[in-house]
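Because the structure is predicted, anything quoted here is derived from the model rather than measured.
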Amino acid sequence: MPTKPCKTNNSSAARRTLLKGGLALGLTAGITPFAIGKTKPTLRVMGTHVTLQEAIRQRAIEDLGINIAFEPGGSATVLQKASMNPQSFDLYEQWSNSINVLWRAKAIQPIQKKRLRYWEEINDLSKTGKLTENARMGAGDAPHKIINVQEDASLGEKHTDAISFLPYVHNVDSFGYDRSKLPTELQGQEESWGWLLDRHFSGKVGIVNDPTIGLFDLALAAQAKGFITFKDIGAITEYELDDLFNLLIELNQLSHFSGFWTSVPESVEFMKSGRVAVESMFSPAVSALNGQNIPVTFAAPKEGYRGWHGVMCLSSATQGRVKDVAYEYMNWWLSGWPGAFIARQGYYISNPQRSAEYLSQAEWDYWYKGKVASEPLKGTDGKVSVQKGAQRTGGSYEERFSNVAVWNTVMPSYEYSLQKWYEFITA
């Protein structure tokens with residue numbers, strides 16, 4: 001990992017002025033400045049609460065001088081809407097497992113690399129699949145496998161002039177648990193996905209209600225407990241799915257699972273209310289709970305993480321002036337401030353060096369380098385979410401992404417897995 005560049009004396013206001021000035025001069029690749037007096041265009045962005053946050057919307061409006069409408073929702077809900085109705089959005093923000101669904105539905109159009117101002121700064125994770133030579137690739141849809149638009153209009157690894165999504169936010173996920181409620185039998189043990197199916201947590205387990213994410217949490221858990229061994233956990237067969245869901249349905253009927261959440265705020269409420277003691281979790285939820293002095297740890301499972309890569313996709317229906325605005329917004333996301341903002345909720349950006357200037361040395365060392373926090377650190381809500389002396393589980397950026405067990409994936413058995421998933425959650 002390159003060292004953090006020296007901080008400059010530029011204020012945030014000065015940086016905003018510089019950014020706006022660059023836009024006014026037409027420096028953002030492929031963007032035509034908007035004439036004074038013209039009605040401001042409105043960019044419609046559909047996605048999840050993970051990135052569609054009001055602070056981000058307001059900052060983008062301020063920096064870009066356009067109207068932006070966010071439509072956040074549960075991941076399964078927005079994916080279904082976007083795939084069926086590309087006229088309902090201009091940009092779509094979710095995870096790489098949604099790409100195959102959107103591409104097959106012809107809901108998104110290719111993005112031209114030449115219009116992406118910071119393309120050359122984007123690191124190798126989405127280009128080759130690895131940040132370091134010896135990194136574990138991870139099963140399933142690693143983002144580099146589905147980013148490039150091939151000559152025959154399929155998606156693949158061969159680099160071309162067009163991509164299916166802008167690589168930006170990404171992270172490794174696992175589960176969170178309340179340290180004050182960790183069963184005596186598990187204290188001192190190495191964290192494991194198997195905890196989600198451990199009888200000592202029975203009745204206090206929450207799972208994300210998404211068949212392309214929650215399924216892998218539970219598959220990793222079942223394999224960790226020795227209940228099932230998958231030939232390829234990134235491409236689970238129908239026969240293996242039958243075995244897995246027979247087990248899960250039985251556990252659900254025995255009330256092992258307390259609930260299935262559909263959004264980050266709902267997962268926070270599950271843990272805050274005491275409904276669960278362990279659950280599938282995304283980093284912003286852990287940050288929010290720690291900011292409320294609830295002692296939740298984001299686990300570093302010994303079996304490896306479930307990796308995900310954020311995707312920003314351009315609707316196949318978006319053209320003309322709004323398409324120009326969409327490229328401007330995509331470029332803004334990689335311009336520095338947004339990457340620093342989402343770092344404070346535990347997420348990474350594809351060109352981290354540009355965001356380093358907007359992070360303090362203590363923030364950079366904790367979030368990217370995996371070092372002990374030298375001072376209390378605030379989350380995106382302004383509350384202290386990291387206490388002095390704390391250290392991020394899993395280590396540095398490179399270390400965490402060297403230990404991906406499986407990526408969020410739409411498997412060949414996707415349609416069958418949907419059927420089994422809904423049988424499970426309604427059992």
Residue [X] excluded, over 12 heavy atoms near [atom1] under 6.0 Å:
{"X": "Gln80", "atom1": "CD", "value": "no"}
{"X": "Gln292", "atom1": "CD", "value": "yes"}
{"X": "Glu133", "atom1": "CD", "value": "no"}
{"X": "Glu54", "atom1": "CD", "value": "yes"}

Going from [atom1] on [X] to [atom2] on [Y], what distance comes out if it is rounded to the nearest 0.5 angstrom?
{"X": "Asp210", "Y": "Ile425", "atom1": "CG", "atom2": "CD1", "result": "10.5 Å"}
{"X": "Leu79", "Y": "Leu102", "atom1": "CG", "atom2": "CG", "result": "5.5 Å"}
{"X": "Thr212", "Y": "Asn97", "atom1": "OG1", "atom2": "CG", "result": "3.5 Å"}
{"X": "Asn408", "Y": "His309", "atom1": "CG", "atom2": "NE2", "result": "12.0 Å"}
{"X": "Lys145", "Y": "Leu155", "atom1": "NZ", "atom2": "CG", "result": "13.5 Å"}
{"X": "Tyr422", "Y": "Ser417", "atom1": "OH", "atom2": "OG", "result": "9.5 Å"}

Quick check against the 3.5 Å criterion: does [X] have a side-chain atom that pairs as donor or acceptor with the backbone of [Y]?
{"X": "Tyr327", "Y": "Gln112", "result": "yes"}
{"X": "Asn171", "Y": "Gly346", "result": "yes"}
{"X": "Arg306", "Y": "Asp217", "result": "no"}
{"X": "Glu191", "Y": "Ala300", "result": "yes"}
{"X": "Ser174", "Y": "Ala299", "result": "yes"}
{"X": "Gln223", "Y": "Trp193", "result": "no"}
{"X": "Ser385", "Y": "Asn290", "result": "no"}
{"X": "Thr409", "Y": "Asp141", "result": "yes"}
{"X": "Gln87", "Y": "Ala317", "result": "no"}

### Message
Suppose we call two aromatic rings close when their centres sit under 6.0 Å apart. Are Phe175 and Phe201 close by that rule?
### Response
no

### Message
Are Trp332 and Tyr168, when compared by the centres of their aromatic rings, separated by less than 6.0 Å?
### Response
no

Are any of the side-chain nitrogens in [X] or [Y] under 4.0 Å away from the carboxylate oxygens of its partner?
{"X": "Lys272", "Y": "Glu269", "result": "no"}
{"X": "Arg44", "Y": "Asp90", "result": "yes"}
{"X": "Arg59", "Y": "Asp63", "result": "yes"}
{"X": "Glu363", "Y": "Arg344", "result": "yes"}
{"X": "Arg115", "Y": "Asp324", "result": "yes"}

### Query
Looking at Trp119, does the NZ or CZ of Lys127 lie under 6.0 angstrom from its six-membered ring centre and within 45 degrees of the ring axis?
yes

Closest contact, heavy atoms only, [X] versus [Y]:
{"X": "Leu215", "Y": "Pro211", "value": "CB-O, 3.2 Å"}
{"X": "Ile294", "Y": "Asp178", "value": "CG2-OD2, 4.2 Å"}
{"X": "Val276", "Y": "Glu279", "value": "CG2-CD, 3.7 Å"}
{"X": "Cys313", "Y": "Ile111", "value": "CA-CD1, 4.5 Å"}
{"X": "Glu93", "Y": "Val45", "value": "OE2-CG1, 3.3 Å"}
{"X": "Val406", "Y": "Gly234", "value": "CG2-CA, 4.1 Å"}

### Query
In this structure, which one of Tyr347, Tyr348, Phe282, Phe401 forms a ring-ring contact (aromatic ring centres under 6.0 Å, His included) with Trp308?
Tyr347

### Candidate list Trp95, Tyr397, Trp407, test ring-ring contact (aromatic ring centres under 6.0 Å, His included), partner His170, passing option
Tyr397

### Task
Given side chain to side chain donor-acceptor pair (under 3.5 Å), test Thr132 with Asn134 step by step and report yes or no.
CA-CA 6 Å; Thr132 58; Asn134 296 322; over 6 Å; no

### Message
Does anything in residues 221-240 form a ring-ring contact (aromatic ring centres under 6.0 Å, His included)? List the pairs, not counting sequence neighbours.
### Response
none

### Message
Test side chain to side chain donor-acceptor pair (under 3.5 Å) on Ser192 and Glu303; report intermediate values, then the result.
### Response
CA-CA 7 Å; Ser192 169; Glu303 299 86 10; 2.6 Å; yes

